[in-house]
Amino acid sequence: MRAYERLLNYVKVYTTSDEDSTTVPSTARQFDLAKMLVEELHAIGVTNAEVDDKCYIYASIPATAGYEDKKAVGFIAHMDTAPDFCGENVNPVVVENYDGEDVVLGTSGRTIKVSDFPHLKTLKGCTLIHTDGTTLLGADDKSGIAEIMTFAEELINSDMPHGKICIGFTPDEEIGAGADHFDVKRFGADFAYTVDGGEENAVEYENFNAAAASVKFNGVNIHPGDAKDIMVNAALVAMEFNGMLPPTQTPSQTEGYEGFFHLTDMKGDVAEAELSYIIRDHDADKFAEKKKVMEHAANIINQKYGEGTCELTIKDQYQNMLEMIKPHMFLIDYAFESLKDAGENPKAVAIRGGTDGARLSFMGLPCPNLGTGGYNFHGPMEHITAEGMDTVVKVLHGIAKRFANS
């Protein structure tokens, strides 16, 4: 099977994670795909594959005789899809010899427009896979799973010598919990790559430093007719707090290495209000400064309206993996060389987000991120090409070959 054919099967399995859940995995439905994958791994010859009680899959292909002393390399992808948009009843649409023009998404009323996504022109002639407009596609990251599975099957059926190859599939990456219960020792790799990025020629080894901020506001509620010099409207105070943050440092006004404050949720009334933010920056010093900006705003609110009016809680989420990748830059060299062998022009891309690999790198498993060939993840405009997925499979072979020859 080609990788895209596997993808078409996997996306039909409903695996959306749930950020409000307290269970592990956050949704039991992720086991549906996990069990399918374990059965498939067994069928292609990876007989030691198993899923644990937390929905983590561990598997490995033993080294070729004489290559047991080579460093073991692992490939990791995640099974869940983002809760940002509907991930149930996915109906993928396959367009052979795509014409490079606007893509009408069924009868949904949505269209992927070239004017919005100019890269579509570069996909002309490819086999394009997209949604019917009512769901996301789930290529993030079922394409990564499909590419790893295809690589594993091809490797087992080839005579290419190799060191130990480790395979891991995780739950709950989309809600930031993918690495929470990942057993690095059990996985068994010395180094790894997540296959969870975008364009197939991209290699990612820098990501945001990340934190989440919860800001609660306690107001004083009284009849508006008697409110003079007494009422403190928590909802208005919340708006005042948000107004103290730099207006140009939001996702819609930043790119590349520029960080931001992102207001993700808001609720409240006169008595109580709450704002939820994520804070992001690639630079550690700028990241720390952003947290100080929030602390300063909270202090001003409390000085103005009284102590306890504003309660700020900031929780660090993950760090920039660059610090842990720098001592092992051969990982990036191997990826770049493998992309060139596959006919691609490789590029390093700073992740404006995070991956399981960022956290795994700080857990002792240096783990940059490879592209999958996909675009526009987390929504109905998501799409990918069969040819891009084929390229990624070639890249995985190239990396395995370089580990074997090192």
Side-chain angles (χ1 to χ4, degrees), residues 1-15 25 28-65 67-68 72-81 90 92 94 127 129 137-171 173 178 182-183 186-189 192-196 370 372-373 384 386 388-401 403-404:
M1 293 178 69
R2 287 175 67 185
Y4 89 91
E5 295 173 302
R6 285 189 161 92
L7 174 66
L8 296 179
N9 291 331
Y10 300 160
V11 298
K12 294 177 182 177
V13 184
Y14 178 32
T15 59
R29 54 182 169 256
Q30 293 178 68
F31 275 111
D32 296 339
L33 180 59
K35 292 173 183 176
M36 179 191 299
L37 294 174
V38 169
E39 290 178 3
E40 187 175 348
L41 283 163
H42 290 168
I44 66 176
V46 187
T47 57
N48 61 6
E50 56 186 9
V51 57
D52 69 11
D53 62 343
K54 293 180 172 60
C55 204
Y56 288 76
I57 294 176
Y58 301 94
S60 63
I61 302 171
T64 304
Y67 287 78
E68 295 89 350
V73 60
F75 299 105
I76 301 167
H78 65 87
M79 295 177 282
D80 66 315
T81 57
V90 174
V94 179
T127 297
I129 304 155
L137 179 61
D140 180 8
D141 186 28
K142 291 170 183 173
S143 60
I145 295 174
E147 289 153 356
I148 293 170
M149 294 288 280
T150 303
F151 155 74
E153 182 178 40
E154 292 179 356
L155 185 67
I156 289 169
N157 292 326
S158 76
D159 57 4
M160 188 185 90
H162 56 82
K164 180 182 179 183
I165 305 295
C166 303
I167 297 169
F169 299 135
T170 66
E173 189 272 351
F182 189 91
D183 189 333
R186 180 176 179 180
F187 183 56
Y193 296 82
T194 48
V195 187
D196 188 24
L370 302 174
T372 61
I384 196 167
M389 295 185 70
D390 291 341
T391 293
V392 176
V393 175
K394 293 177 184 177
V395 171
L396 302 187
H397 280 290
I399 291 171
K401 178 181 178 181
F403 268 87

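Computed from a predicted structure; not experimentally measured.
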Distance check, rounded to the nearest 0.5 Å: [X] atom [atom1] versus [Y] atom [atom2]?
| X | Y | atom1 | atom2 | value |
| --- | --- | --- | --- | --- |
| F75 | I148 | CZ | CD1 | 7.5 Å |
| I76 | I145 | CD1 | CD1 | 12.0 Å |
| F31 | M36 | CZ | CE | 15.0 Å |
| I165 | S60 | CD1 | OG | 10.0 Å |
| M149 | L37 | CE | CG | 5.0 Å |
| L396 | L370 | CG | CG | 6.5 Å |

Using a 4.5 Å cut-off on heavy atoms from C-beta on, say whether the side chain of [Y] contacts that of [X].
| X | Y | value |
| --- | --- | --- |
| M79 | T170 | no |
| M1 | N9 | yes |
| Y56 | D183 | no |
| L137 | P92 | yes |
| K12 | V90 | no |

Check side chain to side chain donor-acceptor pair (under 3.5 Å) between D196 and all other residues, then give those that pass, not counting sequence neighbours.
H78

Here the pair of heavy atoms bringing P25 nearest to Q30 is CB-NE2, 3.9 Å

I want to know whether F182 and F187 have ring centres closer than 6.0 Å.
yes

Just grab all the salt bridge (Lys or Arg N to Asp or Glu O under 4.0 Å) pairs involving residues 40-51, residues at least two apart or on different chains.
R6-E40, E50-R186

Side-chain donor/acceptor pairs under 3.5 Å, residues 155-163, sequence neighbours excluded:
residue: N157; atom: ND2; partner: E153; partner atom: O; Å: 3.1
residue: S158; atom: OG; partner: L155; partner atom: O; Å: 2.9
residue: S158; atom: OG; partner: M160; partner atom: N; Å: 3.3

